[in-house]
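Below you'll find the structure, written out as structure tokens, and then a few comments.
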2 protein chains.
Amino acid sequence: MILQKKKTFNDFAAAKGLRSTRQRDVILDMFLSTHQHVSVEDLYLKVKASHPGIGYATVYRTLKLFAESGLAREILLHDGQTRYEHVLAGEHHDHLVCTGCSAIIEFEDATIEKLQEEIALRHGFQIRSHKMEIYGLCADCSAKGQA
Amino acid sequence: MILQKKKTFNDFAAAKGLRSTRQRDVILDMFLSTHQHVSVEDLYLKVKASHPGIGYATVYRTLKLFAESGLAREILLHDGQTRYEHVLAGEHHDHLVCTGCSAIIEFEDATIEKLQEEIALRHGFQIRSHKMEIYGLCADCSAKGQA
DNA sequence: GTTTGAATGAAAATGAATATCAAAAGCACA
DNA sequence: TGTGCTTTTGATATTCATTTTCATTCAAAC
């Protein structure tokens, strides 16, 4: 699966005539080894730990490339930092975001996806991607709120 | 309806012990007279036209208050500017965002809302609000793309 | 009116993201 | 394996939205 993703990016890079560099390999490895929703800062620190030479700007640039290649997706939450999440082929997952503890729970619902397509059709709209976030309190936080 | 909204905010202000000021009245009027998705910049310019004395920071602060009061909601698109939209009581509307011409089409779907509630329930999650954006090409842009 | 603390406006500060540019590195070709 | 050309990089400066600061103004309770 990781190999498949590397291939996705390499194909994209080849098609765009991008050069293959050590830095991009490292950042790709690191990105693939993370869990969901890495901020640029997060990834930069992770990268710097083992490769101190790699700069901030390169991480920014490279993550934008990942997004362009379809490997990653930018998510805007409300903390002013762009985060990147993995795009698993053909899979859309959406988020429950806890406003108490900032926990993010992922979910997926095929019916909602279907309905989205219907809505798009009704408006003559061609879907490229979508994003859904539900804000509220997670089970823990709403339990704490009661106590 | 506009009166109802003013009341919403005034109630909120009263409950929070906020003072009623000329600036907030003006900004509220201006906000209510806009259509969807005003950026702070937009509203600031609109306000400044008739009330040159009112400052940038006040518009920022006031819009945040509107959001807190439930009157408005922050939307993050991908252009680096926070926008505010009207929250109509009890109504959730979501967006089709055209990546070609930046047009925003609104829609509403009761079934999706229901499904969201089910999903939240399944995770013990209490919904406060939600946001759904579908990205792609609007009818015009995809027609142009063909041509 | 006086008093008191919140609200304002102008300007400075912050912070994420992007641009700049000289130096380094990839890649095609000899 | 070098040569030349172009992309990429890293450090830094810059931009731009948003937030903070702080002295002044103003709302509202007494």
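What you see below is based on every heavy atom in this structure, not just the backbone, and it leaves out hydrogens, waters and symmetry mates. Numbers restart at 1 for each chain; the letters A, B, ... are given by sequence-line order, proteins then strands.
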Inset, instruction - Have a look at the helix from C:dG1-D:dC30 to C:dA30-D:dT1 and give the angle its two end axes make, five pairs each, rounded to 10 degrees. - result: 30°

Legend entry - Verdict with supporting geometry, A:Glu118 and B:Asp109, side chain to side chain contact (heavy atoms under 4.5 Å, CB included): CA-CA 11 Å; A:Glu118 281 174 28; B:Asp109 190 296; over 6 Å; no

Legend entry - Nearest-Å distance for atom pair CG/C1', residues A:Leu65 and D:dT9: 13 Å

Legend entry - Spacing of B:Leu18 atom CG relative to C:dG5 atom P, expressed in whole Å: 17 Å

Legend entry - Steps toward side chain to side chain contact (heavy atoms under 4.5 Å, CB included) verdict (A:Phe12, A:Leu18): CA-CA 8 Å; A:Phe12 167 81; A:Leu18 301 179; 4.2 Å; yes

Pairs: protein N or O with nucleotides 8-10 of chain C N or O, under 3.5 Å:
| from | atom 1 | to | atom 2 | distance (Å) |
| --- | --- | --- | --- | --- |
| C:dT8 | OP1 | B:Thr21 | OG1 | 2.8 |
| C:dT8 | O3' | B:Gln23 | NE2 | 2.8 |
| C:dG9 | OP1 | B:Gln23 | NE2 | 3.4 |
| C:dG9 | OP1 | B:Gly53 | O | 3.1 |
| C:dG9 | OP2 | B:Gly55 | N | 3.1 |
| C:dG9 | OP2 | B:Thr58 | OG1 | 2.5 |
| C:dG9 | N7 | B:Arg61 | NH2 | 2.6 |
| C:dG9 | O6 | B:Arg61 | NH1 | 3.4 |

Inset, instruction - Let me know the distance between CD of B:Gln81 and P of D:dT15, rounded to the nearest Å. - result: 17 Å

Legend entry - Spacing between B:Glu74 atom CD and D:dT19 atom P, to the nearest angstrom: 8 Å

Legend entry - Distance, rounded to the nearest Å, where A:Lys48 contributes NZ and D:dT9 contributes P: 18 Å

Inset, instruction - Would you mind reading off the distance between A:Leu63 atom CG and D:dT9 atom P, rounded to a whole angstrom? - result: 12 Å

Inset, instruction - State which of C:dA7, C:dA16, D:dA17 makes the closest approach to the side chain of A:Tyr60. - result: C:dA16

Inset, instruction - Return the value, rounded to whole Å, for the distance between atom CG of A:Asp25 and atom C1' of C:dG26. - result: 12 Å

Inset, instruction - Give me the ring orientation class for B:His123 and A:Phe107: parallel if the planes are under 30° apart, tilted from 30 to 60°, perpendicular past 60°. - result: tilted

Inset, instruction - Check whether any side-chain nitrogen or oxygen of B:Lys64 sits under 4.0 Å from OP1 or OP2 of D:dT18, and answer yes or no. - result: no

Legend entry - Lys/Arg-Asp/Glu bridge criterion (N-O < 4.0 Å) met for B:Lys6, B:Asp29: yes

Inset, instruction - Measure the OH-NE2 distance between A:Tyr135 and A:His95 for me, rounded to the nearest 0.5 Å. - result: 10.0 Å

Inset, instruction - Just do the side chain to side chain contact (heavy atoms under 4.5 Å, CB included) check on A:Leu63 and A:Val38 with the steps written out, would you? - result: CA-CA 10 Å; A:Leu63 280 172; A:Val38 220; over 6 Å; no

Inset, instruction - Would you tell me whether A:Asp94 and A:His130 have side-chain atoms, one donor and one acceptor, within less than 3.5 Å of each other? - result: yes

Inset, instruction - Would you indicate, yes or no, if C:dA17 has its OP1 or OP2 atom less than 4.0 angstrom from a side-chain nitrogen or oxygen of A:Thr82? - result: yes

Inset, instruction - Could you check which of D:dT8, C:dA17, C:dG5 has an atom nearest any side-chain atom of A:Arg19? - result: D:dT8

Inset, instruction - Taking only the side-chain nitrogens and oxygens of B:Ser20, find out if one of them lies under 4.0 Å from OP1 or OP2 of D:dA27. - result: no

Legend entry - Nearest-angstrom distance from the residue atom CG of B:Leu43 to C1' of D:dA17: 16 Å

Inset, instruction - Can you spot which of A:Lys131, A:Arg83, A:Lys64 makes a salt bridge (Lys or Arg N to Asp or Glu O under 4.0 Å) with A:Glu74? - result: A:Lys64

Legend entry - A:Ile27/A:Phe66 under side chain to side chain contact (heavy atoms under 4.5 Å, CB included): CA gap, chis, key distance, verdict: CA-CA 10 Å; A:Ile27 297 171; A:Phe66 292 169; 4.0 Å; yes

